[in-house]
Amino acid sequence: MTAAIFDIDGTLIDSVDFHAKAWHETFAHFGFCVSFEDVRSQIGKGGDQLLPVFVPPDKLDALKSQIEAYRSELFKREYLPQLRPFPKVRELLTRIKERHHRIGLASSAKSDEVAIYKRLANIAELVDAETSADDVDCSKPCPDVFEVALGRLRTEPSRAIVIGDSPYDAIAAGRAGARTIGVLCGGFPEADLRQTGCIAIFRDPADILERYPEFEAWLSPMRDQRTPASQSAL
């Protein structure tokens, strides 16, 4: 059976800037001078992959747990209540289910955050399988979350499409053998998404729903995996 596997942050939930703010404030609290823009460019990775970009190796082991705990508490207290799903998320997933495709979630977030996101978007009963950072040893851009999701969906990589907003989604999905459709609502440049392997680009979930036949055509494992030059969200 074919499957659509969704990233969550920046793809289904408008949360990228809030995650970046939480990380930016956290690094400042621990004495690391990191710009908001530099932090934002790394959102999509889990903490295990993001921290080494900004914390020197000689301090990482000693501070890793403290930094992650501080960031998690700050995010949940200050920013999680502000999150909202992008428009038409439930409607899109409902259409996918009506068309008899399976639906997976594969996130670098912790499992408790994924549960909150599902409630925010009102999609819990539409999801067939999910993976979070708690299920793997290495988060995106490692392929682990997508490999676990594929296994739980009982779907071969050639019969799945990953939908994500960041280059790290595309890299991780490609390493897992799956194709990726990019969305621009997470704020990453279209050129970066294409460069890392996205086969098609849409603006957001509402755009996918509006152009659903075009999206569903990519679910075919026989579809040419090259990106047509005319394929654009704009």
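All figures in this text were calculated on a predicted structure; none of them were measured in a lab. Hydrogens, waters and symmetry mates play no part in the numbers below; they use all other heavy atoms, side chains included.
- Under a cut-off of 6.0 angstrom, the local environment of CD in Glu156 is sparse, with at most 12 non-hydrogen atoms contributed by other residues, nucleotides or ligands.
- By the 4.5 Å heavy-atom criterion applied to side chains, Phe54 and Leu60 are not counted as neighbours.
- Annotation: disulfide (SG to SG under 2.5 Å) contacts of Cys142 (sequence neighbours excluded): Cys138.
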Problem set entry | Evaluation steps, side-chain contact (heavy atoms from CB on, under 4.5 Å), between Val114 and Asp134 | CA-CA 11 Å; Val114 172; Asp134 295 328; over 6 Å; no
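- Side-chain atoms of Asn122 never come within 3.5 Å of backbone atoms of Arg90 as a donor-acceptor pair (strictly under, hydrogens ignored).
- Of all heavy-atom pairs between Cys198 and Ile181, the closest is SG-C, 4.3 Å.
- In the displayed structure, Asp58 atom CG is contacted under 6.0 Å by more than 12 heavy atoms of other residues, nucleotides or ligands.
- Nearest heavy-atom pair, Thr2 versus Leu219, reported as atom, atom and distance to 0.1 Å: CG2-O, 3.6 Å.
- No more than 12 heavy atoms of other residues, nucleotides or ligands lie within 6.0 Å of NZ in Lys88, so this atom counts as exposed by the packing criterion.
- Under the 4.5 Å side-chain criterion, counting only non-hydrogen atoms from C-beta, Glu113 is in contact with Phe75.
- In terms of modelled atom types and a separation under 3.5 Å, the side chain of Thr196 and the main chain of Ile171 share no donor-acceptor contact.
- Under the 4.5 Å side-chain heavy-atom criterion for ILVMFWY residues, a single connected hydrophobic cluster contains both Ile13 and Leu92.
- Checking Tyr117 against Glu130 by side-chain atom types alone, no donor-acceptor pair falls below 3.5 Å.
- Inter-residue side-chain proximity for Val145 and Asp135 is flagged as unmet; no heavy-atom pair is nearer than 4.5 Å.
- Between Lys64 and Glu68, at least one side-chain nitrogen of the basic residue sits less than 4.0 Å from a carboxylate oxygen of the acidic one, meeting the salt-bridge criterion.
- When hydrophobic clusters are built by joining Ile, Leu, Val, Met, Phe, Trp and Tyr residues whose side-chain heavy atoms come closer than 4.5 Å, directly or via intermediates, Val136 is not grouped with Ile43.
- With contacts defined as side-chain heavy-atom distances shorter than 4.5 Å, the pair Phe202/Glu214 qualifies.
- Ile163 and Phe146 fall into different hydrophobic clusters, where Ile, Leu, Val, Met, Phe, Trp and Tyr are joined by side-chain heavy atoms under 4.5 Å apart, directly or via other members.
- Although no hydrogens or angles enter the test, the distance criterion places no donor-acceptor pair under 3.5 Å between the side chain of Ser111 and the main chain of Ser132.
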Problem set entry | Worked check of side-chain contact (heavy atoms from CB on, under 4.5 Å) between Thr131 and Ile5 | CA-CA 10 Å; Thr131 320; Ile5 303 176; over 6 Å; no
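- Side-chain N or O atoms of His24 include none that pairs as donor or acceptor with a backbone N or O of Ser35 at under 3.5 Å.
- A heavy-atom distance below 4.5 Å is not found between the side chains of Leu12 and Pro85.
- A continuous path of Ile, Leu, Val, Met, Phe, Trp and Tyr side chains, each step under 4.5 Å between heavy atoms, connects Leu93 with Leu120, placing both in one hydrophobic cluster.
- Side chains of Gln66 and Phe30 form a contact here, defined as non-hydrogen atoms less than 4.5 Å apart.
- The two atoms that bring Pro141 and Lys45 nearest to each other are CD-CG, 4.1 Å, heavy atoms only.
- Hydrophobic clustering, with ILVMFWY side chains joined whenever heavy atoms are under 4.5 angstrom apart, keeps Ile208 apart from Val162.
- For the 3.5 Å distance criterion, the side chains of Asp169 and Ser166 qualify, holding a donor opposite an acceptor.
- A distance-only check finds no donor-acceptor pair linking the side chain of Arg102 to the backbone of Thr155 [under 3.5 Å].
- Without hydrogens or angle criteria, Arg152 side chain to Ala129 main chain gives no donor-acceptor distance under 3.5 Å.
- Considering every non-hydrogen atom in both Pro205 and Cys185, the closest pair reads CD-SG, 4.0 Å.
- Within 6.0 Å of CD on Gln82 lie more than 12 heavy atoms contributed by other residues, nucleotides or ligands.
- Although no hydrogens or angles enter the test, the distance criterion places no donor-acceptor pair under 3.5 Å between the side chain of Ser72 and the main chain of Ala69.
- The pair Asp9-Lys140 does not meet the salt-bridge criterion, since no charged nitrogen lies less than 4.0 angstrom from a carboxylate oxygen.
- No side-chain donor-acceptor contact under 3.5 Å links Ser15 to the backbone of Phe18.
- The two residues His101 and Tyr212 have their closest heavy-atom pair at CD2-OH, 3.7 Å.
- Looking only at side-chain heavy atoms (C-beta outward), Pro167 and Leu193 come within less than 4.5 Å of each other.
- Residues Tyr168 and Asp7 have side chains that never bring a donor and an acceptor to within less than 3.5 angstrom of each other.
- Counting only heavy atoms from C-beta outward, the side chains of Leu209 and Phe215 never approach each other to under 4.5 Å.
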For this session: Apply the test side-chain contact (heavy atoms from CB on, under 4.5 Å) to residues Asp112 and Lys76: give CA-CA distance (whole Å), side-chain angles for both, the deciding distance (0.1 Å), then the verdict.
Result: CA-CA 10 Å; Asp112 58 343; Lys76 291 174 182 177; 2.5 Å; yes
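- Heavy atoms only, all atoms of each residue included: Ala170 and Thr180 are closest at CA-OG1, 3.5 Å.
- Using a distance-only test at 3.5 Å, with no hydrogens or angles considered, no donor-acceptor pair links the side chain of Arg71 to the main chain of Thr26.
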